[in-house]
Amino acid sequence: MTPPKILSYLVPPGKSNPNPEEVRGTEIPPTGKLATMLIDAFLKADKECDIPIRFVPAVDGQQQNEVRTRIIELIKSPTLQNGQVLAERLRNVTTGKSGLGLLFLMVGADGPTNKIVISRFPADQGILAEARRGTLEVEFVERIFMKSAATYKSAIYKGKSLDAGFWWGYSVDKQINAGLDQLRLYWIRDFLASDFKTTSKEGRKCLAVALKSASKAAPSIAAKQEIISAMVLTQGMAGKAVTIQRLMSRFRLSDEARSAVEGQVHNDTVLQNTFQLDLEEFKRHATYETVELDNGAILTAPAEEFDQTFLRELINEANERYRFSTTGSIVEQRIKSRR
Amino acid sequence: MNMEGLKSIYRARRERILVPLAKRLNDYLIEIVQDYPRIDRVTARAKDVDRFIAKAQKVENGSAKYSDPLVQIQDQIGARVVTFYLSDVEKLSKILEGYLAPIEFQKIVPDSPNEFGYEGKHYIMFFPDDIRGRVAQEDDVPDFFELQIKTLFQHAWGEADHDLAYKPQGGLTIDQKRRVAFTAAQAWGADRIFNELAQELVTR
């Protein structure tokens with residue numbers, strides 16, 4: 001792989017500002033400590049960026065997206081001028097709250113595969129301390145750009161065909177787990193003119209089906225109970241950007257329960273896809289119905305199968321007494337403490 | 001690559017990847033729309049080898065339209081949802097757009113108000129990862145498929161028109177074109193009237 005061409009732009013906030021500050025750019029020489037750090041970020045972007053995103057079509061439905069078009073132009077001709085358009089777009093969606101940022105556009109290739117990494121380092125304040133001639137010099141620095149900052153953002157796009165490819169890629173946005181307000185989505189939606197590759201309904205459906213199927217397929221009652229608990233707890237995550245993988249970690253599923261869930265999805269990508277969770281679709285696919293009787297019995301079955309699983313007979317209408325009956329083979333049985 | 005080489009590669013891809021993928025897509029679409037009351041049919045098919053090659057050979061402005069047909073042709077799998085009334089098309093579009101992400105959408109109508117012809121709602125959609133299966137990472141798995149949502153009359157007219165348009169060597173005569181346009185006008189009118197009746201008589 002040849003070293004990527006690296007362009008850098010100082011991007012001030014300019015959203016809703018009719019006279020925004022100018023964006024200034026420069027090309028980073030391919031050698032030196034800065035180039036080494038950036039090339040490392042370029043190479044690691046494949047692993048670091050883990051949120052699948054896709055470009056959205058034009059408002060009139062045409063197969064056209066302005067950011068994709070600019071990215072392809074930049075790959076074909078990685079000049080400061082071509083990168084400037086993207087940097088100015090970032091400025092125009094950046095609010096004062098997001099503040100000043102340093103944008104890096106890194107364009108390279110890995111064999112026949114073209115690759116571009118777009119990263120924004122947020123500005124911060126800091127203190128520079130240097131030991132000189134036996135003394136310590138301490139200095140306040142106003143503009144430090146840090147990759148480790150919580151507001152660091154990046155995106156990667158790869159592809160062989162510039163005509164037909166580059167419709168989707170991956171992003172990282174360290175703020176995204178905290179919620180989905182406009183500030184946190186300005187990188188993906190406003191700047192990249194993109195959205196999560198997995199729609200909210202599709203993600204919820206996959207999650208619900210995986211948990212529900214796993215609750216049936218899990219080899220032990222303990223694992224089944226863990227998964228059913230996870231289904232209940234998931235409902236508290238409404239509105240959050242989630243992945244199945246992260247939910248399993250958050251709910252601390254055991255290896256056995258985790259393996260049961262992983263076995264229910266068709267490929268690993270589904271486990272890693274980020275989507276916004278709301279509950280309508282989840283409940284449609286993953287609801288259990290439970291009936292508790294005054295004699296201490298508790299009957300539980302998937303909601304849509306409950307009436308087929310348990311035959312319900314009205315024994316005494318006046319006292320609302322019912323008889324429930326079901327037939328099946330015992331797969332596991334255990335005694336649980338009342339405490 | 002010559003057309004024989006392309007044909008051979010596409011045929012292998014079709015059997016190994018596209019046909020099973022179309023089957024999973026078909027099941028997936030049925031699952032999404034199964035609660036909707038007026039679905040006539042849901043189909044998803046891998047493009048025929050001959051039709052793929054015919055499309056790959058298309059010329060535009062004097063040169064080949066597709067420089068890399070295996071990557072650029074986006075309807076290697078085509079799906080169709082056929083419903084009863086025009087108002088159902090819009091409702092089903094909303095349902096399907098909830099699950100599937102498009103890179104293109106268009107409502108196809110004739111160019112001129114004096115013309116009658118092909119109509120329908122078309123999308124180019126990303127394949128959901130859930131149905132890409134264990135081969136999700138392979139280069140041969142297409143990123144997109146075409147989805148059409150049509151009324152029964154749009155579907156019926158489109159199928160017959162497609163069949164007849166491929167028959168004559170020298171194209172249709174003016175009279176034949178007028179008769180085809182007449183059937184399109186009839187289908188358009190029937191869709192309108194049935195939709196009006198549905199608005200009056202159907203509650204859901």
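Letters A, B, ... are given to chains in the order of the sequence lines, protein chains preceding strands, and every chain is numbered from 1.
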Subject >> Closest contact, heavy atoms only, P102(B) versus P57(A) >> reply: O-CD, 3.3 Å
Original post:
Atom CG of L96(B) and atom NZ of K201(A): how far apart are they, to the nearest 0.5 Å?
Top reply: 10.0 Å
Original post:
Which bit of I103(B) comes within less than 4.5 Å of chain A, counting heavy atoms only: side chain, backbone, both or neither?
Top reply: both
Original post:
Would you find more than 12 non-hydrogen atoms of other residues, nucleotides or ligands less than 6.0 Å from F310(A) atom CZ?
Top reply: yes
Original post:
Where on I73(B) is there a heavy atom nearer than 4.5 Å to chain A: the side chain, the backbone, both, or neither?
Top reply: neither
Original post:
For the atom pair CZ (F105(B)) and CG (D60(A)), what is the distance rounded to the nearest 0.5 Å?
Top reply: 7.0 Å
**OP:** Quick one: pull up CD in Q64(A) and CD in E104(B) and give me the separation to the nearest 0.5 Å.
**Re:** 11.5 Å
**OP:** Would you give the length of the straight line joining atom CG of N273(A) to atom CG of D129(B), rounded to the nearest 0.5 angstrom?
**Re:** 4.5 Å
**OP:** Would you please test D163(A) and Q72(B) for side-chain contact (heavy atoms from CB on, under 4.5 Å) and show each step?
**Re:** CA-CA 7 Å; D163(A) 292 331; Q72(B) 292 166 319; 3.4 Å; yes
Original post:
Side chain, backbone, both or neither: which part of N65(A) has a heavy atom under 4.5 Å from chain B?
Top reply: neither
Original post:
Could you state the interatomic distance from CG (D130(B)) to CD (E202(A)), rounded to the nearest 0.5 Å?
Top reply: 5.5 Å
**OP:** Compute whether any side-chain donor of one residue and acceptor of the other, for D143(B) and W167(A), lie under 3.5 angstrom apart.
**Re:** no
**OP:** Check the pair R24(B), H266(A) against side-chain contact (heavy atoms from CB on, under 4.5 Å), reporting the backbone distance first and the verdict last.
**Re:** CA-CA 11 Å; R24(B) 287 203 294 274; H266(A) 295 125; 5.7 Å; no
Original post:
Can you check whether A101(B)'s main-chain N or O pairs, donor with acceptor, with T199(A)'s side chain at less than 3.5 Å?
Top reply: no
Original post:
Is it the backbone or the side chain of Y28(B) that comes under 4.5 Å from a heavy atom of chain A, or both, or neither?
Top reply: side chain
Original post:
Is there a side-chain contact between T269(A) and R132(B) (heavy atoms, below 4.5 Å)?
Top reply: no
Subject >> Spacing of Q63(A) atom CD and Q74(B) atom CD [to the nearest 0.5 Å] >> reply: 4.0 Å
